[in-house]
Structure formats: structure tokens, C-alpha cells
There are 2 protein chains.
Amino acid sequence: MRESEVPESRPYHHGDLRRALVEAACRLLEKEGAQALSLRAVAREAGVSPAAPYHHFKDKSELLDAVAHEGWEKLDLAFQAARDAHTSPPDRVRELGVAYVCFASQHPDLYRVMYDCSRDKADMPAHVLENEESAYRRVREVLISAGADPSDEIGLELATIACWCAAHGLAEMTSFKQFEPLKEALGGEEAFLRGVLAHVGVFAKGL
Amino acid sequence: MRESEVPESRPYHHGDLRRALVEAACRLLEKEGAQALSLRAVAREAGVSPAAPYHHFKDKSELLDAVAHEGWEKLDLAFQAARDAHTSPPDRVRELGVAYVCFASQHPDLYRVMYDCSRDKADMPAHVLENEESAYRRVREVLISAGADPSDEIGLELATIACWCAAHGLAEMTSFKQFEPLKEALGGEEAFLRGVLAHVGVFAKGL
DNA sequence: GCGCTATCTTAGCGTTGTTCAAATAAGAAA
DNA sequence: TTTCTTATTTGAACAACGCTAAGATAGCGC
């Protein structure tokens, strides 16, 4: 093994190309936007041939899946911060929603990749649904602590889904030009988000 | 002119190629899905050369805009039907939401094109916002007739936006696999939709 | 008849996703 | 050590894409 760990001329075998590709994709996503995120561009950004990624990902969508997974983990961090920043359960519900939409607003291209992956597979992201520590569970638990009846399994699930729908819808619409004046009138985007979410039952009063 | 060079059904100059292209695109969208909707495929479906569309649309996105416009008009018809099918204002609010999501559920690829166009331009579709007879206005008016204070301009707008967000979010998520069991438990997709929307304040009680 | 202009086609450029055989490096076996 | 084996990476190639340019065609006014 050469001592030059990160030399100018990369060694023939990349240390962890899979990881490097995902990072290159994220970098490209912030720099050039979702439209510029081609497999070849990612390979270029990682300094590797166009065919190299195929030894680590079956196809382009699998690379995007990995990027999306990274995104959901980042979102999860934002969720934890929002939860820990408030003690009152109703506040927590609302602020979880605000944190969700703010994340999407700050990383619009990443969020787009994240949801495109979910939609293409008609699948809630695994990290969101299956994991014990998932964001979905987190919303559910905050709803319970805010007064939702834990024995009403169906009602609880419907409420949780309603949260997701409102948050996702708002996340995709908050950047629309037509809302600019309203945001200004309310004194910023966050006030706007809270204003909208206040009309969603589960966000307004924790069920 | 060689008359049998080209099928007799179409002379060298197409009657209304612009229209034919939009229709071909819609046909292709239902038949093959959004992924297969390339400009060249649309030209092929319309029986025309790959370069022909460029005399009627600046680029591909402009063709998609036309397709999306068609979509919003179709949705508007569904809206009118839902509105006319109910007299009670609260029912109307809820059923507008159900009609919206059902439309998206029945034409998923068209709906995707519709919203992708809006998002790319950070623009609520013109047909939705600017027109007097627009769907946006329609929601707004039903909210007023359901008891919303018409003098509270900001509150009214926030409520209308909340409606759109919940409906759009649900429209994009209702096809997720994970919701199948819940739909069955509730006896169908429409019941599921009503169940979710019931947790959105504006849909639940007309503000 | 004449020309003008909009429309449509053919040909071609650069890019993309993907495959495949060949080249290379790293590790195990000898 | 040398050799064999396997995992990576490359270069070349293919089909399809969006788009442009230059030429062919047809309808319309003169």
C-alpha cells in the first residue's frame, strides 16, 4: 500500500469508490442542481470513468437511492433537534412539521431526489417507516404524548399520515412565487409555514 | 407531389400538428407512463419526424406545459362534478379534496407531469391561480360558504393553501404500498382518503 | 404564372444510460 | 518469492435522447 493516501493521481483502485460516488453526487446536487445529476457527471466529479459506478450500483436509480438514504438521515437529525428544542408536546408536533418543511426548503434538490425515489417505488422510504428510530415513529409518538388515543390504532395511523401529507405538500409548494407576498406580510417563511400548518388539525392541537 | 409516399391520412402539412402532438403525448402518457414520454416518442406517436415539434414548441418543456394545461382542465371538470354533487358546504370542502386526490390516483403520470411543470417554474399553475373560475378560487369560495371569515384575507389564504398542501401531499402518497392494509381495513381507497383528510382542519369542518 | 413563408424532413452534434471485453491491482495459494 | 484468482477500473461501443441547421414541400397572396 502506498503511503500517499489521497494523492493527486488516484491509485488505480479507489479506496471506497461507492462512498466517494455518493459524496460526489451530493456535492454535485448542491452545486449544479438535480437536473445536472447524471451518472457520467457523478463519475467525472469523482474522477473516475463513466463505467466505474456500475461495479458498485446496479444502475443510476440505485445510486440515487443511496443519495436519498443519505438525505433521510440528514432529515432525521433535523427532526431530533426540533424535538429536543421543545418540551410541550403540541409544540413538538408543530415544530416537527416546520423542521421538515424547512429542511426541504433548504435542500430542495436533495429533497426532490429523496421523494422521487419513494414515488418511483411506491414506497415510503425504509428509513422512515421500518426503523424503530424512524421519523414516522417519532411523529406517531409525539402525537400520542400530545393526547392521541394509543388504542385507536387506525385513527393514529391516519393522523400520522395526515401529518406527512401536509408537510410533504407544503414542502413542495412553499417555494412557489405566488406565496412571496404572504410570507412578507407574515414576517418570514417560518411564520408562513406555521400559519399553514395551524390549519391542519394534527399540527394545530396534537389531534 | 408523390401522393403514396406518405399515408393518405396525412398530407405533408399536418392540419393542426400542435394539437395532435399534445394528444399524442397524452395518449403515450397513459399507455407507456411518464418515463417513456420523450419528444421523439411523441413525434413518432404523431407520425411525424423528430424535428417537427420544434416548429410548434420552443423545447420539450413547452410541450409538457401544454400537456399539463390539458391536465388542469380535466381536473377542473372533476372539481365541478364534485361541487355539484353536494349541497352542504362542509361536504363540498371534503369532497373537493377527495376528488382532487382521486384524479391524481387515476391519472398518476399526468398528475406528475402537471406538478413537475409547476415546480420547475416555482409557479402555481396559471389556470389554478389567475383564472376567476380556477380551482383555487373554487376552494376559497367553498371555504367562505362553509363559515370562513371573508374579511380575514390572510387567514383565508392560509386555509386555502393548507387545503392544497394536504391534497397534493396525499395525492403523491396514496399509492404507497404501506397504506394498502389500512385501505383494506377501511373498505377502499376513498374511505382512506376521507379518513386522512378528516385530520386536516379545513377539510374536517370547513375552517 | 411568381415568390414568400410556414411547415416538415433529413442529417448531424453532443450528451446520456448501459454493456462488454480488456487492463490492472490486491490478496491468497504455491 | 511466483502464480493464480478475483475484484476494480478502463476504453470503446451502442442506442436513444434533446436540439440545431440546411434543404425540401406546400399553401397563400401577388
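Atom set for the values below is all heavy atoms of this structure, side chains included, hydrogens, waters and symmetry mates excluded. Labels below follow one simple rule: chain letters A, B, ... track the order of the sequence lines, proteins then strands, and each chain is numbered from 1. This structure is a prediction, so every number in the text was calculated from the model and none was measured.
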- Item | A:H127: partners by ring pair (Phe, Tyr, Trp, His ring centres under 6.0 Å), with sequence neighbours left out |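 Per chain and number, A:H127 pairs via ring pair (Phe, Tyr, Trp, His ring centres under 6.0 Å) with A:H69.
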How many whole angstroms separate atom [atom1] of [X] from atom [atom2] of [N]?
X: A:D16; N: D:dA7; atom1: CG; atom2: C1'; result: 14 Å
X: A:R40; N: D:dT10; atom1: CZ; atom2: C1'; result: 13 Å
X: A:E45; N: C:dT16; atom1: CD; atom2: C1'; result: 18 Å
X: B:H55; N: D:dA26; atom1: NE2; atom2: P; result: 15 Å
X: B:F57; N: C:dT7; atom1: CZ; atom2: P; result: 12 Å
X: A:L21; N: D:dT8; atom1: CG; atom2: C1'; result: 12 Å

- Message: Under 4.0 Å, heavy atom to any atom of DNA chain D: which of residues 28-37 of chain B qualify?
- Response: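 When residues 28-37 of chain B is checked for heavy atoms under 4.0 Å from DNA chain D, there are no hits whatsoever.
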- Query: What are the residues of residues 58-66 of chain B, sorted by number, that bring a heavy atom to within less than 4.0 Å of DNA chain D?
  - Reply: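 Per residue number, the list reads B:D59, B:K60.
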Closest to side chain of [X], choosing from [options]:
X: B:S49; options: D:dT20, C:dT18, C:dT10; value: C:dT10
X: B:Y54; options: C:dT10, C:dG17, D:dT20; value: D:dT20
X: B:A51; options: D:dG18, D:dT10, D:dT20; value: D:dT20
X: B:L39; options: D:dC19, C:dG17, C:dC8; value: D:dC19

- Do B:R112 and A:D116 touch side chain to side chain, with heavy atoms closer than 4.5 Å?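 They are in contact (side-chain heavy atoms under 4.5 Å apart), so the answer is yes.
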- Donor-acceptor contact below 3.5 Å, side chain B:K74 vs main chain B:F103: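 No: the side chain of B:K74 does not pair with the backbone of B:F103.
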- Query: Has B:S38 got a side-chain N or O lying under 4.0 Å from the OP1 or OP2 atom of D:dC17?
  - Reply: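 Answer is yes, contact under 4.0 Å.
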- Message: Does a side-chain N or O of A:R44 approach OP1 or OP2 of C:dT16 to a distance below 4.0 Å, or not?
- Response: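 Yes, A:R44 has a side-chain N/O under 4.0 Å of OP1/OP2 on C:dT16.
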Is the count of non-hydrogen atoms from other residues, nucleotides or ligands lying under 6.0 Å from [X] atom [atom1] greater than 12?
X: A:E184; atom1: CD; answer: no
X: A:E73; atom1: CD; answer: yes
X: B:Q35; atom1: CD; answer: no

- Message: Tell me whether the rings of A:H168 and A:Y111 are parallel (<30°), tilted (30 to 60°) or perpendicular (>60°).
- Response: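 Taking A:Y111 first and then A:H168, their aromatic rings sit tilted (interplane angle of 30° to 60°).
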- Message: Just to be sure I understand the rule, does B:R18 reach a base, reach only the sugar-phosphate, or reach nothing, if contact means heavy atoms closer than 4.0 Å?
- Response: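 The residue B:R18 makes no contact with any strand.
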- Query: Rounded to the nearest 0.5 Å, what separation is found between the CZ atom of A:R83 and the CD atom of A:E95?
  - Reply: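 Reported to 0.5 Å precision, the distance equals 14.0 Å.
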- So, for B:V98 and B:L197, which heavy atoms are closest and what is the spacing to 0.1 Å?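 It is N-CD1, 3.9 Å.
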